[in-house]
Asks: 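The structure under discussion is supplied below as C-alpha cells; questions concerning it will follow.
None of these values were measured; they are calculated from a predicted model. Within every chain, numbering begins at 1; the chains are lettered A, B, ... in the order of the sequence lines, protein sequences first and strands thereafter.
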Protein chains: 2
Amino acid sequence: MSQQPARVAVIRDVARLAGVSHQTVSRVLNNHPSVREETRDRVLRAVQQLNFRPNAMARGLAGRRSRLIGVVSFDTLLYGPAATLLGLERAARRAGYGIRIVALEQLDRAGVAEAVDRLTEQSVDGVVIIAPLMTAAAAVHSLPTGVPAVVVESDTAGELPSVSVDQVAGARLAVEHLLALGHRTVWHVSGPQDWLEARDRVDGWRQALEAAGCRVPPMVSGDWSPRSGYEAGRLLADRPDVTAVFCANDQQALGMLRALHEQGRRAPEDVSVVGFDDIPEAAYLSPPLTTVRQDFDEVGRRCLAALLELFDGGGPAVRHPRVPPSLVVRASSGPPRSA
Amino acid sequence: MSQQPARVAVIRDVARLAGVSHQTVSRVLNNHPSVREETRDRVLRAVQQLNFRPNAMARGLAGRRSRLIGVVSFDTLLYGPAATLLGLERAARRAGYGIRIVALEQLDRAGVAEAVDRLTEQSVDGVVIIAPLMTAAAAVHSLPTGVPAVVVESDTAGELPSVSVDQVAGARLAVEHLLALGHRTVWHVSGPQDWLEARDRVDGWRQALEAAGCRVPPMVSGDWSPRSGYEAGRLLADRPDVTAVFCANDQQALGMLRALHEQGRRAPEDVSVVGFDDIPEAAYLSPPLTTVRQDFDEVGRRCLAALLELFDGGGPAVRHPRVPPSLVVRASSGPPRSA
DNA sequence: CTGTCGAATGTGAACGATCACATGCGCCGC
DNA sequence: GCGGCGCATGTGATCGTTCACATTCGACAG
C-alpha cells in the first residue's frame, strides 16, 4: 500500500504479481493462443490491479511495429481534406492505430519528402498522403520505398495504392440531373486546374454533355473560393442562354448564387445551380443547394484497409478503389423556364 | 558498396565510421557543449554519409521525452476546432515537436479520460485538449495529474492552464459596432448553451447592451447550425422592432440572412446582421457578412508556449491568456432606417 | 612537484517491451 | 514402451538510444 514508489507498473511487475514470467504476460497482451485460460485470467487480473499500460515506445522498439499511422495533410481548412482526416482517424482508432499528423504549407516534392522522412523517423507503420494537387503526384513518386503508403485523391494510375471518390462519376451525376430536368446544356465553373479533383470534375462534366449529344459551352475557370464563383456568376448572369450551372464545389456555388441574385436572376427559376461536396451549410443557402455528396468516412475506412493489407505483405486487393458519390437534390435546381 | 545489407544506420554505425564512441555521437546529436569542434564535424559528416536518422522510439524509451504532443480534439468539422488544430500543428512543427491526434465522438468524462490515457501510453510529453463543451470542463478536472496539459477554449478559471479567444470581448465588439451605427438594441441568436464559447458570447452581448443602457431583448436559442439561424430568422423577421441581430456564429448568420431574404426583409437596410468566426465564406454571403475574427494561429502558438513552459518545470507565466478577437466590418451591417 | 579540477571522451547499464530458442510435460501412434 | 509432437511456459538476447559513472589528459594553483 505505502510501498508504491509512485512508479508506473511495467511488465515485470505484472509478471511478479501474477506469478508468471514476463514473456507470458507479453503473450497475454498480444493474444497469443497458447496460454492457459486460467493463466490468462490471472495475468489480466494483475494487469487491472496495477493499472498496467504497455509502453508504446518500448513496444515499437522491440517489436516491428508502432501501431502508428502517419498522415501527410495539405495545410488547408477545406472541407474535403478535413473530413478525410477525421474519417481516417476514426477508422484507425477502431483498428487500434494512432494518428500522427503533419500538415504541409506547400505540397511540393521537398515538402512531401521531408514530411514522410519526419514520419518514418517516428517509426510509423505506414503513411497516408492526402494529396489533392497535381504537384503532389510528382512528389509522391519520389517517395522512399519500403514505407507502406496510400495516397488519397490523387494519381489513381500511379504506383502507390490510392483511394478516392469518383469525381468523374460525381460530375456526371450533377450534369445528368440537370439535363434530365430539361436543360439544353450545362455550364461549368471549375476548380483550380492544378487540383486533380477539379480536373476530374471537368472531365465528368464534359463526358456527360457529350454522351447526351449536347453542346459543350466554354468552361469558366475558378479556384474553389466563393469569390471565383461570384465572379463567374457576374460573367454568366446576363447571358440568356445560361440556364444551368454546375459549380466545382459548394463554396463556388455560394458565390454564384449571390451573383445571380444581385443581377436579378432567380434560382432555380432562371438559372439552376448545382454544387459539389455537400458542406454542412449547403442545405441552408438560398435556395438550398443541390449538390454531390462525398462519403469521406468511407474514404478513411478504405485507406486504412489498404494500409492494413499492405502490412500483411501483399498489395491491397483493389489498388485504386473509387468511392461512389451521391446526388443530393435540393431547391437550387429545377426545370428551365422554357420547359 | 555491396556490403550494405539494406539496413538503416544506427548510432553505432555512425560512431564506427567517425571513429568515436556511440556516446559521443549521442552528445553531438543533442548539442552537448563539451564536444570538440573537430570531433563534432567528423560525426556530422558520418551522419550525413550514412543518412542516419535517430530512432524516435529508442529515444523516447531511453530518454525522458518523445517530442510528441497529444491533441484531444472534439470530433467535429466546425471551423474553430479545425483551425486551432492546424495552428497548433504549425507551432509544434516549428518547435520540433510532432502531433499525435485523437478525435472524440463524445466529449464526456470517460471519453476524455480514455483519450488522455491512450496518449500517455504513447509517452507524449504533453497534451492539449480542445474542449469547447461544458461537459469537458468536468472531464478535464478528473485528469491524471503528472501529464502536462493545456486546455483550449474552456474553463478559464480552472486548475489547468488554458488558452482561449476572448469571446466576451468579441461579442462586445459586435454589439458595440451595431449600437454605434444607431441601433436601439441588438438581438442575439445564441449557440448551444453547453458550449462555453456560446455562453461567453451571450455574456458579452448582454454586457455591451447593459453598459450602453439598452433594453436587453430575449435571447433566441440556437445550436451553431445554419438551420437554427434560419429558424430564428423566421421568428424575428416579422417584428418591426428587430433592426439588428448578432448571431453566435457565421453559419447561423447565414441561415438568418436566408430567412430574412425569404420574408422580404433586406439586409442591412431593414435588419443588420453580424456573425462570429469569419469563416472563409463570410465575405461572399449576400450581403458579405460583418463578423468577428478569431486568430486561431495565435491560439495554437500560445498553447505550445504554455506547454513548453510546463515542460521546463514551472507553470506558465500567464495561466489563462486570452487572445483578442477583431471585428471585420462588411456589408451586412449598417445604420437602421430610422437613423 | 603534486593534487585538484574541468573538459573531452569512453564503458556498461538502463529503458520496457518482443523475439528466438530452450524446457517440461502430457498424449498419440507404432 | 518409446520416440516424437505440440502445448504451455520460461530464459536470455535484442531493439537503438540516453543515463550514470569512469577514465584520460592538460592546466593551474599551492
Side-chain angles (χ1 to χ4, degrees), chain A residues 5-44 46-47 50-68 96 98 120-125 311, chain B residues 5-44 46-47 50-68 96 98 120-125 311:
Chain A
R7 191 177 54 94
V8 294
V10 300
I11 202 170
R12 290 197 133 87
D13 299 328
V14 177
R16 200 176 318 123
L17 181 60
V20 296
S21 76
H22 62 108
Q23 176 60 1
T24 298
V25 177
S26 173
R27 278 192 264 260
V28 171
L29 292 167
N30 293 285
N31 294 314
H32 190 96
S34 55
V35 176
R36 242 192 324 161
E37 188 72 18
E38 191 238 312
T39 312
R40 178 185 311 277
D41 284 355
R42 201 142 33 93
V43 169
L44 288 177
V47 163
L50 296 174
N51 190 31
F52 166 76
R53 306 247 157 251
N55 180 312
M57 296 268 148
R59 257 186 157 164
L61 222 207
R64 302 269 219 268
R65 54 194 205 279
S66 59
R67 296 194 85 76
L68 266 181
T120 48
E121 188 176 323
Q122 305 265 353
S123 325
V124 295
D125 290 345
F311 295 164
Chain B
R7 190 177 56 91
V8 294
V10 302
I11 203 170
R12 293 196 132 87
D13 300 327
V14 177
R16 201 176 317 124
L17 181 60
V20 296
S21 78
H22 63 108
Q23 176 59 1
T24 298
V25 177
S26 173
R27 278 193 263 261
V28 170
L29 292 170
N30 293 286
N31 294 315
H32 190 96
S34 56
V35 176
R36 243 192 325 160
E37 189 72 20
E38 191 239 312
T39 313
R40 178 187 311 277
D41 284 354
R42 200 141 33 92
V43 169
L44 287 177
V47 163
L50 296 174
N51 191 31
F52 166 76
R53 307 244 157 254
N55 180 312
M57 297 268 145
R59 260 187 155 163
L61 222 208
R64 305 269 220 261
R65 55 192 204 280
S66 60
R67 297 195 84 75
L68 267 181
T120 48
E121 188 176 324
Q122 305 263 353
S123 324
V124 295
D125 290 345
F311 295 164

Asks: Can you check the A:L29 CG to C:dT18 P distance for me, whole Å?
Replies: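 Distance check: A:L29 CG to C:dT18 P gives 6 Å.
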
Asks: Work out which heavy atom in B:A58 is nearest to a heavy atom in A:L61; give both atom names and the distance.
Replies: CA-CG, 3.9 Å

Asks: Examine D:dT9: is either OP1 or OP2 under 4.0 Å from a nitrogen or oxygen in the side chain of A:T39? Give yes or no.
Replies: yes

Asks: Identify, between B:R42 and B:A58, the residue whose nearest nucleotide on DNA chain C lies closer to the 5' end.
Replies: B:R42

Asks: Rounded to whole Å, how long is the line connecting atom CZ of A:R40 with atom C1' of D:dA8?
Replies: 12 Å

Asks: To the nearest angstrom, how far is A:N55 atom CG from C:dT18 atom P?
Replies: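 After rounding, the reported distance stands at 10 Å.
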
Asks: Please lay out, stage by stage, how B:L44 and B:V28 fare under the test side-chain contact (heavy atoms from CB on, under 4.5 Å).
Replies: CA-CA 8 Å; B:L44 287 177; B:V28 170; 3.8 Å; yes

Asks: Using whole Å, report how far CD of B:Q122 lies from P of C:dA17.
Replies: 13 Å

Asks: Counting only N and O atoms by type, is there a donor-acceptor contact under 3.5 Å from the side chain of A:N55 to the main-chain atoms of A:M57?
Replies: yes

Asks: Testing the basics here: between A:R27 and A:V35, what is the closest heavy-atom pair and its distance to 0.1 Å?
Replies: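 Result for this residue pair: CB-CG2, 3.8 Å.
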
Asks: Heavy atoms under 4.0 Å, any strand shown: does B:R65 hit a base, just sugar-phosphate, or nothing?
Replies: nothing

Asks: Check whether any side-chain nitrogen or oxygen of A:N30 sits under 4.0 Å from OP1 or OP2 of C:dT18, and answer yes or no.
Replies: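 Indeed, a polar side-chain atom of A:N30 lies that close.
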
Asks: Mark yes or no for whether A:D125, through its side chain, and A:R65, through its backbone, hold a donor-acceptor pair below 3.5 Å.
Replies: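 No, because the side chain of A:D125 does not come within donor-acceptor range (under 3.5 Å) of the backbone of A:R65.
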
Asks: Would you jot down, in residue-number order, the residues of residues 18-27 of chain B having a non-hydrogen atom under 4.0 Å from DNA chain D?
Replies: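 The stretch gives B:H22, B:Q23, B:S26 as the residues lying under 4.0 Å from the strand, ordered by number.
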
Asks: In whole Å, I'd like the distance from the CZ atom of B:R59 to the C1' atom of D:dT17.
Replies: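 Atom-to-atom, B:R59 to D:dT17, this comes out as 8 Å.
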
Asks: Does A:R36 have a side-chain nitrogen or oxygen under 4.0 Å from the phosphate oxygens OP1 or OP2 of D:dT9?
Replies: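 True: A:R36 side-chain N/O within range (under 4.0 Å) of D:dT9 OP1/OP2.
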
Asks: Using atom CZ of B:R12 as one end and atom P of C:dT11 as the other, report the distance to the nearest whole Å.
Replies: 10 Å

Asks: Grab the two heavy atoms, one from A:V14 and one from A:V43, that are nearest each other, plus how far apart they are.
Replies: CG1-O, 4.1 Å

Asks: Can you see which heavy atom on A:L29 is nearest to which on A:F52, and at what distance?
Replies: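 Distance-wise, the nearest heavy atoms are CD1-CE2, 3.7 Å.
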
Asks: Nearest heavy-atom pair of B:I11 and B:H22: which atoms, and what distance?
Replies: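 Of all heavy-atom pairs spanning B:I11 and B:H22, the closest is CD1-O, 3.7 Å.
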
Asks: To the nearest Å, give me how far apart CD (B:E37) and P (C:dA8) are.
Replies: 11 Å

Asks: How many whole angstroms separate atom CG of A:L61 from atom P of C:dA14?
Replies: 17 Å

Asks: Counting distance only, does the side-chain N/O of B:R67 pair as donor-acceptor with the main-chain N or O of B:G96 below 3.5 Å?
Replies: yes

Asks: Find the bend of the helix from C:dC1-D:dG30 to C:dC30-D:dG1 as the angle between its two terminal axes (five pairs each), to the nearest 10°.
Replies: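 Comparing the axis at each end, I get an angle of 50°.
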
